[in-house]
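To keep things clear, I will list the structure first and then write my remarks on it.
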Amino acid sequence: QVQLVESGGGSVQAGGSLTLSCAASGDTLRGAAVAWFRQAPGKEHEFVAAIARSGGATYYGDSVKGRFTFSRDNVKNTVSLQMNSLKTEDTAVYYCAAGRRVITSALTSRAAYDYWGQGTQVTVSS
């Protein structure tokens, strides 16, 4: 059983940066696919980024590609999401998710992940 705790959310002006972290406990993230999803008020969950189980490939949603960077630290058992050039439309609750059975074709699917954090709020103002 993996417990995930996100941190690093907050308020920032458009064009600014934030770094979100997701710390895992209970088990290692090594060998697990890890992803970030977000949900804005009144909208469905949106895929943000994911790292495959092998740790070798990283995938990004079209709306964040080129602005966000997802990294994994197997020693610290954490993942981080560096968010640059933030836009007001990035405002959402950001969730970390992990799963050991997530195949590459399912990395963008919420249903593929077994473990979820409680979420952290990111607010971008104009």
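Computed from heavy atoms alone, side chains included, the values below leave out hydrogens, waters and symmetry copies. From a predicted model like this one, the values you see are computed outputs, not experimental measurements.
Between atom OG1 of residue Thr69 and atom CG of residue Leu81 there is a gap of 8.0 Å, rounded to the nearest 0.5 Å. Note that CD of Gln13 is 8.5 Å distant from OG of Ser126, once rounded to the nearest 0.5 Å. Distance check, rounded to the nearest 0.5 Å: OG1 of Thr78 to CG of Leu29 gives 8.0 Å. To the nearest 0.5 Å, atoms CZ (Phe47) and CH2 (Trp36) are separated by 12.5 Å. Rounded to the nearest 0.5 Å, atoms CD (Gln118) and CD (Gln3) are 12.0 Å apart. Separating the CG atom in Leu18 from the OG atom in Ser11 is a distance of 8.5 Å, to the nearest 0.5 Å.
The heavy-atom pair separating Ala40 from Ala92 by the smallest distance is N-CB, 3.7 Å. Ser17 and Gln82 get closest at one heavy-atom pair: CB-NE2, 3.9 Å. Across every non-hydrogen atom of Thr123 and Gln121, the tightest pair is OG1-NE2, 3.3 Å.
A salt bridge links Asp62 and Lys65; the closest N-O separation between the charged side-chain nitrogens and carboxylate oxygens is under 4.0 Å. The pair Arg100-Asp114 does not meet the salt-bridge criterion, since no charged nitrogen lies less than 4.0 angstrom from a carboxylate oxygen.
Remark: the backbone N or O of Ala24 is paired with a side-chain donor or acceptor of Asn77 at under 3.5 angstrom. A donor-acceptor contact shorter than 3.5 Å links the side chain of Tyr113 to the backbone of Leu107. The backbone N or O of Ser80 lies less than 3.5 Å from no partner atom in the side chain of Ser21, so there is not a single donor-acceptor pair. Counting only distance, with no hydrogens or angles, the side chain of Glu6 and the backbone of Cys96 share a donor-acceptor pair below 3.5 Å. Checked by atom type and distance alone, the side chain of Arg110 never pairs as donor or acceptor with a backbone atom of Phe37 at under 3.5 Å. Tyr59 places no side-chain N or O within donor-acceptor distance of the main-chain N or O of Thr104, the cut-off being under 3.5 Å.
Hydrophobic clustering, with ILVMFWY side chains joined whenever heavy atoms are under 4.5 angstrom apart, keeps Leu20 apart from Tyr95. No chain of hydrophobic side-chain contacts below 4.5 Å, direct or via other Ile, Leu, Val, Met, Phe, Trp or Tyr residues, connects Leu4 to Val93. Connection of Val2 to Val102 is not established within any shared hydrophobic cluster, with ILVMFWY side chains joined at heavy-atom distances below 4.5 Å, either directly or through further cluster members.
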Test side chain to side chain contact (heavy atoms under 4.5 Å, CB included) on Val34 and Phe70; report intermediate values, then the result.
CA-CA 10 Å; Val34 189; Phe70 191 13; 4.0 Å; yes
Evaluate Asp90 against Phe68 for side chain to side chain contact (heavy atoms under 4.5 Å, CB included), listing each step before the verdict.
CA-CA 11 Å; Asp90 293 318; Phe68 290 12; 4.0 Å; yes
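Residue-environment remark: CD (Glu89) exceeds the threshold of 12 foreign heavy atoms within 6.0 Å.
Residues Tyr94 and Met83 meet the side-chain proximity criterion, which asks for heavy atoms closer than 4.5 Å. Side-chain contact between Arg38 and Val122: absent, with no pair of heavy atoms (C-beta onward) separated by less than 4.5 Å. In this structure, the side chains of Arg53 and Ile103 come closer than 4.5 Å at one or more pairs of heavy atoms.
Judged purely by distance below 3.5 Å, without hydrogens or angles, the side chains of Ser63 and Glu46 pair a donor atom with an acceptor atom.
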